Amino acid sequence: MSKKTFYITTPIYYPSGKLHIGHSYTTVAADAMARYKRLQGYDVMFLTGTDEHGQKIQRVAAENGVTPKEYVDKIVAGIKDLWSLMKITYDKFIRTTDKEHIETVQKIFKTLYDQGDIYKSEYEGWYCTPCESFWTETQLVDGKCPDCGRGVEKTREESYFFRLSKYQDRLIQLLEENPDFIQPASRRNEMLNNFLRPGLEDLCVSRTSFNWGVPVTFDSKHVVYVWIDALSNYITALGYLGEDDSKFKKYWPADVHLVGKEIVRFHTIIWPAMLMALNVPIPKQVFGHGWLVLEGGKMSKSKGNVVDPVVLVEKYGLDAIRYFLLREVPFGSDGVFSNEALISRINSDLANDLGNLVSRTVAMIQKYFGGVIPKERAAGDYDEDLKAVVSQIKGKTEELMDKLQFSTALAEIWKAISRTNKYIDETMPWALAKDEQNKPRLAQVMYNLAESIRIVSILIQPFMPETPEKIWRQLAVPESQRTWESAGVWGAYDPVSPVAPGEIIFPRIDMAKELEALSALDNSAPAQAKAPAQEKKAEAPKAEAPEGIALIGIEDFAKVDLRVVKVLACEKVEKSDKLLKLKLQCGDEERQVVSGIAQYYSPEEMVGKTLILVANLKPAKLRGIESQGMILAASDKESGKLTLVTIEGEIPTGTKVS
RNA sequence: GGCGGCGUAGCUCAGUUGGCUAGAGCAUGCGGUUCAUACCCGCAGUGUCGUUGGUUCAAUUCCGACCGCCGCUACCA
């Protein structure tokens with residue numbers, strides 16, 4: 001009889017930039033889950049990896065003067081180092097540049113094509129030259145490129161499409177019949193209401209505008225676009241359609257895909273549809289967790305915003321960081337990462353409660369009994385109550401872990417720690433120690449303390465890979481009494497050697513001093529206002545967005561007619577959250593422009609402003625209102641800030657800007 | 001604008017199918033203790049449970065309206 005299997009995945013990350021604490025969030029959670037299941041005796045398959053194709057990588061590599069493969073190799077090495085540092089116990093690290101992956105993707109593509117689920121589109125579409133992007137009629141926004149808003153040209157650009165629409169009804173059925181398929185449940189409603197019920201469009205699944213990707217075997221102009229390339233990693237990693245598909249047979253369907261909330265849609269609509277087309281079972285669950293966001297930039301001077309996981313781990317230790325990530329935020333909700341919150345957690349939960357409990361217990365066993373608890377013991381008050389509380393945490397922890405409720409699971413374990421600290425006060429060992437007659441009672445008290453700690457130390461293993469060992473060493477817990485099962489057995493503790501007082505497991509941190517130090521560190525580095533919990537681009541179609549704009553000649557710039565204008569009137573566009581309608585004075589002419597700045601500027605404050613207008617932009621309709629040009633503004637996606645471009649000094653409207 | 005969610009102690013949040021004096025953690029104050037990492041234990045709190053109507057013997061919990069915030073989505077020329 002073979003062991004039960006458990007297959008868990010993280011998204012594959014897009015290796016285009018540096019790593020921060022948010023990247024670690026999903027992966028640490030998945031690791032905790034994988035460790036937990038292994039401890040329970042499951043045959044676990046834990047997959048993570050990188051999504052290495054696409055235009056952006058190709059471009060960044062070119063800018064760095066290296067081949068795409070050389071570029072990603074370097075980044076991937078860094079990611080693996082980080083996972084190693086964080087003791088991530090993945091069973092396989094898949095790269096979409098792996099030979100096996102590429103071959104399987106090609107087979108999948110061909111299969112879907114042969115059976116008619118992928119078809120070549122020859123009908124007219126729209127091409128945005130600056131973005132090198134191909135769009136369908138319905139993707140256009142008022143006839144313009146949805147990415148950059150510039151004009152598009154009708155082309156006969158060919159492209160392959162996946163018949164996503166064909167699976168609409170089956171997808172609706174899937175979500176309706178399996179309410180737990182998408183977690184948290186609120187995401188399920190979003191998928192149904194915003195996508196499935198309104199109707200799905202077929203999906204463009206190939207590109208001809210770049211070549212850093214998996215080539216379509218039967219049509220060499222095309223490479224496979226992100227969907228089929230990236231999502232399929234979950235099965236190609238198991239050898240699906242490969243020479244050895246034993247792992248696929250063994251582990252598929254996945255028990256859970258852990259993903260960030262921003263890519264829930266791809267995993268709950270596109271991915272299942274692909275699997276349906278391939279006649280492969282659907283994964284059991286997709287869990288979309290929230291983001292760990294940094295506190296707003298405005299207080300960063302006093303709070304500090306150091307989020308480099310390497311720095312954090314070096315500073316506070318791996319277990320403290322992992323504990324914080326999994327404890328601070330209910331899995332599924334967004335949470336705030338701040339240095340105060342981190343230090344506060346470390347001090348109160350780890351140093352004061354757990355660390356100090358171990359320290360005082362070991363110290364007492366050493367002091368009162370020379371390190372060995374006598375076998376002659378006497379039961380007394382409070383014993384049963386302590387035992388009752390501590391004995392049931394294994395069950396509670398398991399119940400919560402099975403629902404991926406890491407935070408509440410940890411809270412539950414900490415209740416036991418708290419109860420144990422209280423037990424010391426109740427039994428007052430130092431009083432018992434004064435009278436030789438009380439030795440048996442004192443021995444029992446010491447035993448109960450050690451036993452509680454032993455049980456706790458086993459249960460925290462999924463979250464903290466280093467601390468349990470330290471505790472076992474100090475309490476001299478024999479190998480056989482460290483098993484997951486033994487955490488459910490009160491009284492298993494039976495050491496064969498004396499306790500070994502040792503290092504302080506979690507040193508207290510001086511909050512004030514530390515914040516100051518962090519703030520200094522922070523000031524030396526560029527401040528970040530916001531950081532998503534993971535690389536947002538991972539598997540997202542926006543990877544196509546133009547980045548790294550090419551050099552142009554002066555003659556190209558001359559094509560743009562920029563003018564100084566003054567705002568005469570301004571009002572909000574009805575039924576729109578972002579649009580303002582502006583009436584502008586441009587020399588003798590008046591212009592009406594619609595601009596998406598309503599969230600940054602009120603209509604009142606706009607009036608009278610001097611701005612820069614792109615005067616020769618093709619007119620477009622927005623919300624049915626004609627916009628004759630475009631207002632310039634600087635915006636930062638990361639921080640969500642936007643500010644208008646104005647002009648220094650007085651100059652008549654209509655003046656050309658060059 | 002559409003769909004959904006949230007607004008509870010200074011802070012972060014729990015609050016099961018409406019029902020006794022509304023809870024936890026952190027922070028604060030006071031007391032206890034000394035084994036321990038100025039730690040632990042106990043006590044004390046303050047809350048119009050967003051505002052406003054309604055249903056009910058009874059609403060934080062159900063319904064309506066409103067205010068504020070958020071998510072997804074459409075619109076950001």
Side-chain angles (χ1 to χ4, degrees), chain A residues 141-146 148-151 184-195 197-198 261-262 264-265 288 290-291 327-330 333-336 338 340-341 344-345 347-368 407-408 411 414-415 417-418 420-433 442 445-446 449 501 503-511 573-580 593-600 613-633 635 642:
Chain A
V141 175
D142 291 302
K144 307 277 177 161
C145 171
C148 68
R150 285 174 280 208
S186 58
R187 301 282 157 207
R188 175 169 159 263
N189 297 330
E190 287 175 4
M191 295 309 128
L192 284 168
N193 294 334
N194 290 323
F195 299 101
R197 288 184 181 130
K261 62 181 184 180
E262 74 283 4
V264 166
R265 181 173 129 210
W291 294 347
R327 172 66 241 262
E328 185 67 8
V329 184
S333 317
D334 282 356
V336 176
S338 73
E340 275 127 312
S344 172
R345 279 280 171 213
N347 279 347
S348 59
D349 295 2
L350 299 180
N352 295 352
D353 293 347
L354 176 59
N356 186 44
L357 174 63
V358 173
S359 174
R360 64 201 299 212
T361 299
V362 173
M364 283 192 282
I365 294 172
Q366 182 67 36
K367 183 171 175 178
Y368 301 143
S407 180
T408 32
W414 253 253
K415 277 185 192 164
I417 292 173
S418 199
T420 308
N421 268 317
K422 184 172 172 172
Y423 178 77
I424 297 181
D425 260 58
E426 291 167 337
T427 53
M428 292 191 286
W430 51 91
L432 293 171
L442 182 59
V445 168
M446 287 304 114
L449 288 176
E503 58 173 328
I504 295 289
I505 300 176
F506 294 107
R508 264 187 79 82
I509 297 164
D510 186 322
M511 174 82 84
V573 174
E574 272 183 54
K575 296 183 186 179
S576 161
D577 299 334
K578 297 183 182 174
L579 301 180
L580 289 183
V593 166
V594 178
S595 182
I597 54 173
Q599 291 174 329
Y600 308 95
L613 172 78
V614 181
N616 63 337
L617 198 62
K618 273 190 216 164
K621 277 198 172 176
L622 281 132
R623 279 271 144 201
I625 299 167
E626 169 129 349
S627 181
Q628 306 153 324
M630 160 180 167
I631 292 299
L632 296 187
S635 66
L642 180 145

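Lettering follows sequence order; numbering is per chain, from 1. None of the values given here were measured: they were computed from a predicted structure.
The distance from the OG atom of A:Ser359 to the CD atom of A:Glu503 is 11.0 Å, given to the nearest 0.5 Å. Between the CZ atom of A:Arg187 and the CG atom of A:Leu192 there is a distance of 13.5 Å, given to the nearest 0.5 Å. Remark: A:Ser418 OG to A:Leu354 CG distance equals 11.5 Å, nearest 0.5 Å.
Here the separation of B:rG1 from B:rA65, taken at their P atoms, is 14 Å to the nearest Å. Using atom C1' as the reference point in both B:rA14 and B:rG25, the two lie 10 Å apart (nearest Å). Comparing B:rG10 with B:rU51, their C1' atoms sit 22 Å apart, to the nearest whole Å. The same atom, P, is picked in B:rC13 and in B:rA74; the two are 28 Å apart, to the nearest Å. Going from the P atom of B:rU46 to that of B:rC11 covers 16 Å, rounded to whole Å. When the P atom is compared between B:rC66 and B:rU73, the two are found 26 Å apart, to the nearest whole Å. Taking atom P in both B:rU17 and B:rG5, the straight-line distance is 15 Å, to the nearest Å. Rounded to the nearest Å, the gap between the P atom of B:rC26 and that of B:rC41 is 8 Å.
Using N1 to N3 plus N6-O4 or O6-N4 for Watson-Crick, or N1-O2 and O6-N3 for G-U wobble, each under 3.5 Å, B:rG1 pairs with B:rU73. B:rG25 is paired with B:rC11 under the criterion used here, namely a Watson-Crick or G-U wobble arrangement in which both key atom distances are under 3.5 Å. As the counterpart of B:rG45, no nucleotide is assigned, since no Watson-Crick or G-U wobble pattern has both distances under 3.5 Å. In this structure B:rC6 sits in a base pair with B:rG68, meeting the Watson-Crick or G-U test at under 3.5 Å. Pairing of B:rA38, defined by two Watson-Crick or G-U wobble distances under 3.5 Å, is not identified with any nucleotide. Across all strands shown, B:rG19 is found opposite B:rC57 as a Watson-Crick or G-U wobble partner, with both distances under 3.5 Å.
Side-chain proximity of A:Phe195 to B:rA77, B:rU37, B:rU73: nearest is B:rU73. Each of B:rA77, B:rU33, B:rA36 was ranked by its minimum atom distance to the side chain of A:Ser359; first place goes to B:rA36. Taking only side-chain atoms of A:Leu579, from C-beta outward, the nucleotide of B:rC35, B:rU73, B:rC75 with the closest atom is B:rC75. Across B:rC35, B:rU37, B:rG71, the shortest atom-to-atom separation from the side chain of A:Lys261 is found for B:rG71. When distances are taken from the side chain of A:Asn421 to each of B:rG42, B:rC40, B:rA77, the shortest belongs to B:rC40. If you check B:rU37, B:rA77, B:rC72 against the side chain of A:Arg187, the one that comes closest is B:rC72.
Residue A:Ala363 is in sugar-phosphate contact alone, with no base atom involved, counting any heavy-atom pair closer than 4.0 Å across all strands shown. Across all strands, A:Thr361 comes closer than 4.0 Å to no nucleic acid atom at all (heavy-atom distances). If you check every strand for non-hydrogen atoms under 4.0 Å, A:Met630 touches sugar and phosphate atoms only. Looking at heavy-atom distances under 4.0 Å, A:Val358 makes no contact with the nucleic acid at all. Residue A:Phe506 is in base contact, counting any heavy-atom pair closer than 4.0 Å across all strands shown.
Put simply, CH2 on A:Trp430 is 13 Å from P on B:rC40, counting in whole angstrom units. Whole-Å rounding puts the A:Asn347 CG to B:rA38 P distance at 11 Å. Atom pair A:Met191:CE and B:rC72:C1' shows a separation of 7 Å (rounding to whole Å applied). Summarising the geometry, the separation between CD1 on A:Ile424 and C1' on B:rU37 is reported as 13 Å, rounded to the nearest angstrom. A straight line from CG of A:Asp510 to P of B:rU37 spans 17 Å, rounded to a whole angstrom. Rounded to whole Å, the distance from CG on A:Leu442 to C1' on B:rC35 is 10 Å. Between the CD1 atom of A:Ile417 and the P atom of B:rU37 there is a distance of 18 Å, rounded to whole Å. Atom CG in A:Leu449 sits about 14 Å away from atom C1' in B:rC41, given to the nearest Å.
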What pairs of nitrogen or oxygen atoms, one from the protein and one from nucleotides 25-32 of chain B, lie under 3.5 Å apart?
unit_1	atom_1	unit_2	atom_2	d
B:rG32	N2	A:Asp425	OD2	3.4

Under 3.5 Å, which protein N or O atoms sit close to an N or O of nucleotides 2-12 of chain B? Give each pair with its distance.
unit_1	atom_1	unit_2	atom_2	d
B:rG2	N2	A:Asn194	OD1	2.8
B:rC3	O2'	A:Asn193	ND2	2.4

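Here the shortest heavy-atom pairing between A:Tyr423 and A:Leu449 reads CD2-CD2, 3.6 Å. In terms of heavy-atom proximity, A:Arg327 sits nearest to A:Ser407 at O-OG, 2.7 Å. In terms of heavy-atom proximity, A:Arg345 sits nearest to A:Glu328 at NE-OE1, 2.7 Å. In terms of heavy-atom proximity, A:Gln628 sits nearest to A:Leu613 at O-CD1, 4.3 Å. In terms of heavy atoms, A:Asp425 sits closest to A:Met428 at O-CG, 3.1 Å. Listed here is the closest heavy atom pair of A:Gly288 and A:Pro184: O-CD, 3.1 Å.
Of the possible donor and acceptor atoms, one in the side chain of A:Asn347 sits under 3.5 Å from a partner among the backbone N and O of A:Ile509. Remark: the backbone N or O of A:Asp353 is paired with a side-chain donor or acceptor of A:Asn421 at under 3.5 angstrom.
Mapped onto RNA chain B by nearest heavy atom, A:Val593 and A:Tyr423 fall at different nucleotides, with A:Tyr423 at the one closer to the 5' end. Place A:Met428 and A:Leu350 on RNA chain B by their nearest nucleotides, and A:Met428 ends up nearer the 5' end.
Taking the side chain as every heavy atom from C-beta outward, A:Met630 and A:Ser595 never approach each other to under 4.5 Å.
At the phosphate of B:rC40, neither OP1 nor OP2 sits under 4.0 Å from any side-chain N or O atom of A:Lys422.
In the model, A:Asn194 has no side-chain atom that pairs as donor or acceptor with a side-chain atom of A:Arg265 under 3.5 Å.
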